[in-house]
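Only one structure is covered here, and it is reproduced in the block below.
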Amino acid sequence: MSCRLLRLAVAAGLLASTALSAQQPAPDPVEAVDPFIGTSGEGHTFPGAVAPFGMVQLSPDTHVGPARETYDWASGYRHEDPVILGFSHTHFSGAGHSDLGDFLVMPVSGDTVPLEAGDADTPGFRSRKADETATPGYYAVTLTDPGVRAEMTAGTRVGVHRYAFPAGKAAHLLIDLRSIIYDYPGKILWSSVRIRPDGTITGSREVRGWASPRRIFFAMRFSAPVTGHKLISTEKNILYKGFKGPGRGPETLDSLSGRALIAQFDFGKLRKPLEVKVALSGVDEDGAIANLDSEPGDFEAIRARTRAAWAEALGRVKIDAPKPMRTNVYTALYHSLMAPSVWSDADGRWRGPDDQVHAGDRTTRYSTFSLWDTFRAEHPLLTLIQPEERNADFVNSLIASQKRSPFGILPVWQFAGKETWTMIGYHAVPVIADACLKGIRGIDCAGALKAMVASADYAPYGGLSDYMSLGYVPIDREPEAASKTVEYAYDDWTIARLARKLGETAIAARFEKRAQNWRNSFDPKTGFLRARKSDGSFRTPFDPTAINYGSDYTEGNAWQYSWFMPHDQGGLFRLLGGDARAVAKLDAMFDYDNSKIDYSHAEDIAGLIGQYIHGNEPSHHVAYLYNYAGQPWRTQERLKQIVESQYKPTPDGLSGNDDLGQMSAWLVFTALGFYPVAPGSNEYVIGRPFVERAEMTLPGGARFRVIADGLSDANRYVGGVTLNGKLLERSTITDAEIRAGGELRFTMQATPNMSWATKPGARPFSTTAYRP
């Protein structure tokens with residue numbers, strides 16, 4: 001397309017889009033979200049009620065208890081399950097590990113109250129379900145066995161249940177403190193429940209689960225008076241004030257502690273729905289009560305406030321697209337706004353990684369950091385669509401945890417304020433560096449740099465001692481050594497970037513050198529990243545398609561990890577023999593025939609396109625790498641292939657674990673037309689848009705528009721791009737250009753434009769020397 005024709009098309013498109021937006025009111029983004037997306041298949045999301053970044057995730061559980069097939073029920077719920085066990089208050093959205101499911105509540109009607117959940121053969125308080133519905137901040141279902149309509153909503157630190165019991169039947173509520181997601185003998189160390197003089201129910205549990213020990217407290221109030229209660233232990237041979245029972249102990253106590261407790265509350269025959277308001281705290285029961293008081297109002301008041309909060313958060317990105325794509329993208333945005341989650345109480349107190357309670361300040365403390373996943377796109381997205389103060393709170397929470405860590409390092413994979421040591425790398429580092437390099441206010445970046453260096457120099461962690469002395473992690477001393485080497489090298493580059501900005505030249509030089517360590521595990525002869533032994537030799541035998549947990553790679557193989565040097569893709573391409581060979585290897589990855597490979601043993605491998613695995617994070621930047629070789633139209637082709645095969649507006653619509661928003665954040669960025677291949681670079685690589693129009697409201701109030709003229713299934717290629725009306729000949733856009741506000745306009749066409757952004761100076765940055 002000639003420049004003159006492109007300018008005419010731009011002008012015509014601007015007039016058409018302006019007229020369209022003047023005629024049609026913007027659809028409600030809350031109504032566009034489908035919380036059931038990802039609740040089947042490999043998505044591991046939950047459909048229940050949660051506020052943006054809320055402490056409470058009030059959602060149904062359809063499978064808890066023994067670890068039988070628990071991976072598929074990592075969120076406690078699967079859409080296809082016909083029955084519900086109850087409603088608990090804590091859940092992960094899309095994690096690859098099971099836990100939480102705290103304080104299960106279940107309504108029961110009638111004269112007989114079963115105290116066991118039951119199963120397929122034995123009736124209990126588990127109920128069949130019907131008429132499920134969900135929108136952000138609200139969930140409802142009919143429990144057909146007790147005949148109860150159950151509704152849920154949630155605020156920041158509270159969850160509210162509403163149960164409409166059948167007329168003429170006695171209403172009861174069970175609180176099952178024995179229930180937990182991914183259970184095994186001895187996981188629940190202790191629980192307690194007590195009835196306070198004013199009728200408030202409080203309790204706690206201590207768990208030795210994934211984050212151990214984990215303490216959580218609750219406070220609960222009812223909208224109707226309690227007519228009777230039973231506090232029961234189902235643990236065998238427990239001593240209660242001189243009574244040793246064979247099973248269930250005294251039932252009329254006002255408080256009870258033990259490892260297997262259930263509380264029953266009776267309400268007689270109710271004439272209106274029962275509301276149950278619950279608050280959580282990681283500090284103590286008094287903190288839970290204060291949190292309960294901090295969010296006044298009944299079910300409808302809380303629901304209205306949370307809906308308004310979702311409308312504001314989702315409304316920061318206004319999207320025009322056909323309904324299926326609009327649902328996909330807004331649901332992805334919704335899933336991107338759940339974590340990190342609030343962890344401090346309303347008074348600011350919070351429990352740290354040292355298991356001590358720390359006094360609060362004006363900063364909200366957050367936890368639930370799935371950093372190996374979310375440093376890639378989730379956190380970069382939040383820097384654009386969330387207020388500066390919230391992004392500063394995320395970073396300051398990481399730094400506060402480092403100061404109170406028994407090991408003096410930043411979180412690796414943290415929830416409930418505790419470390420899980422899950423996954424690899426020290427990926428709090430790029431999250432912090434990216435925020436500081438983007439100029440987000442409210443962060444002590446000089447102090448943050450010290451915390452980053454402390455983590456990178458903590459020799460006992462994950463082979464770092466050898467990494468620092470040898471320049472790589474040796475496989476004969478540390479599992480997953482190849483992956484650790486390249487992930488450490490990238491993290492080191494982000495340290496160097498921030499150190500350069502702050503004028504810390506010695507630190508910058510040291511970590512720039514470390515950032516090149518990825519080369520020490522790359523084998524130019526085979527063209528793959530490989531694990532080396534401490535004597536310098538590569539481990540043999542070598543199969544680049546092999547995926548085995550605890551082997552050379554982390555949740556992947558040589559095909560995926562051989563591209564993970566996002567800070568030095570140009571260096572990789574030179575080692576591969578140049579652009580043409582790099583493109584050929586990328587094509588070989590996507591086109592690989594897997595028909596003779598069995599990956600059934602690798603439970604977290606999903607969404608395969610050849611050897612590209614979209615369901616797991618190490619592949620997420622790979623489709624954008626064609627741009628580095630001067631073939632952006634190939635990126636555009638691959639992105640269409642990925643979006644169409646990996647995302648659907650259905651319960652099984654996520655090809656892999658959402659991983660606390662990373663899978664979803666990838667789609668949001670990709671739909672907008674650009675992606676942060678290397679967080680910390682302050683640069684986004686341009687792909688192609690999947691929405692006709694979008695507008696982001698940025699921190700500070702500036703607005704950045706993306707417009708795709710002529711976008712259709714046939715017009716899948718980028719014909720040309722303008723930024724604020726001027727031709728853009730490069731396949732990148734900077735963070736500063738976006739934050740300034742303006743318009744990125746694509747002209748789409750049916751055939752590839754093989755001249756746009758192909759020259760070396762028009763490609764993304766490619767070496768560690770790049771310092772914009």
Side-chain angles (χ1 to χ4, degrees), residues 46 50-51 53-59 64 74-76 88-104 154 156-159 177 179-183 187-192 203-219 278-285 287-288 291 338-346 348-358 360 363-374 393-394 397-398 400-407 409-423 428 659-661:
F46 63 84
V50 60
F53 309 104
M55 178 186 284
V56 175
Q57 305 87 33
L58 178 52
S59 191
V64 297
S75 72
S88 64
H89 297 79
T90 57
H91 296 85
F92 292 127
S93 180
H97 195 292
S98 304
D99 212 309
L100 300 178
D102 293 306
F103 310 127
L104 188 89
T156 300
R157 296 177 177 86
V158 303
L177 297 173
S179 175
I180 193 167
I181 299 171
Y182 190 46
D183 197 10
K187 181 175 182 179
I188 299 176
L189 296 172
W190 203 249
S191 297
S192 67
S204 67
R205 75 171 4 162
E206 184 173 357
V207 177
R208 61 166 188 155
W210 187 17
S212 184
R214 178 175 65 89
R215 302 182 190 184
I216 188 76
F217 303 84
F218 77 88
V278 183
L280 301 182
S281 169
V283 174
D284 53 30
E285 291 182 10
N291 289 344
M338 290 187 182
S341 55
V342 169
W343 180 235
S344 56
D345 282 354
R349 294 183 302 154
W350 61 288
R351 188 177 295 275
D354 53 1
D355 204 31
Q356 300 301 305
V357 175
H358 301 282
T363 299
T364 299
R365 299 297 182 206
Y366 289 82
S367 193
T368 319
F369 287 101
S370 180
L371 294 162
W372 183 82
D373 309 288
T374 57
D393 283 351
F394 294 155
S397 295
L398 293 169
S401 287
Q402 184 269 337
K403 291 179 179 179
R404 293 160 179 85
S405 165
F407 308 98
I409 65 173
L410 290 160
V412 177
W413 206 126
Q414 182 199 79
F415 75 96
K418 305 299 290 291
E419 184 57 72
T420 69
W421 303 108
T422 301
M423 307 312 295
D659 284 317
L660 283 300

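Residue indices begin at 1 and follow the sequence shown. Note that these values count all heavy atoms, side chains included, but never hydrogens, waters or copies made by symmetry.
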Atom [atom1] of [X] and atom [atom2] of [Y]: how far apart are they, to the nearest 0.5 Å?
X	Y	atom1	atom2	result
Thr368	Phe53	OG1	CZ	11.5 Å
Ser212	Asp99	OG	CG	9.5 Å
Phe46	Ser88	CZ	OG	9.5 Å
Leu177	Trp190	CG	CH2	12.5 Å
Arg205	Leu189	CZ	CG	10.5 Å

Spell out, as yes or no, whether a donor-acceptor pair under 3.5 Å connects the side chain of [X] to the backbone of [Y].
X	Y	answer
Asp354	Pro406	no
Lys418	Asp355	no
Arg214	Gly209	no
Glu285	Phe217	no
Thr90	Leu100	no

Checklist entry - Should the pair Phe369 and Phe394 be assigned to parallel (<30°), tilted (30 to 60°) or perpendicular (>60°) ring geometry? => result perpendicular
Checklist entry - Angle class for the Phe103/Phe218 ring planes (parallel below 30°, perpendicular above 60°, tilted otherwise)? => result tilted
How far apart are the closest heavy atoms of [X] and [Y], and which atoms are they?
X	Y	answer
Thr422	Trp413	O-CB, 3.5 Å
Ala51	Ala154	CB-O, 4.1 Å
Val342	Thr156	CG2-CG2, 3.9 Å

Checklist entry - Do the side-chain N and O atoms of Ser281 and Asp345 include a donor-acceptor pair separated by under 3.5 angstrom? => result yes
Item to check | Pair Leu660-Asp373, side chain to side chain contact (heavy atoms under 4.5 Å, CB included): steps then yes or no | outcome: CA-CA 8 Å; Leu660 283 300; Asp373 309 288; 5.8 Å; no
Contact between [X] and [Y] at the side-chain level, heavy atoms closer than 4.5 Å - yes or no?
X	Y	value
Val357	Asp284	no
Ser397	Arg365	yes
His89	Ile216	no
Leu371	Met423	no
Met338	Gln57	no
Pro353	Glu419	no
Val207	Lys187	yes
Phe415	His97	no

Next on the checklist: One pair to check against side-chain hydrogen bond (donor to acceptor under 3.5 Å, both in side chains): Ser204 and Ser192. What are the steps and the verdict?
Outcome noted: CA-CA 5 Å; Ser204 67; Ser192 67; 2.8 Å; yes
Checklist entry - Do other residues, nucleotides or ligands put more than 12 heavy atoms under 6.0 Å from Lys403 NZ? => result no
Item to check | Check: Tyr182 ring centroid to Trp210 ring centroid under 6.0 Å | outcome: no
Next on the checklist: Checking His91 against Ile181 for the side chain to side chain contact (heavy atoms under 4.5 Å, CB included) test, could you report, in this order, the C-alpha distance in whole Å, the side-chain angles of both residues, the deciding distance, and whether it holds?
Outcome noted: CA-CA 9 Å; His91 296 85; Ile181 299 171; 3.9 Å; yes
Next on the checklist: Between Arg215 and Arg351, does the side chain to side chain contact (heavy atoms under 4.5 Å, CB included) criterion hold? Intermediate values first, please.
Outcome noted: CA-CA 9 Å; Arg215 302 182 190 184; Arg351 188 177 295 275; 3.8 Å; yes
Checklist entry - Which one of Ser405, Ser367, Pro340 satisfies the side chain to side chain contact (heavy atoms under 4.5 Å, CB included) criterion with Gln414? => result Ser367
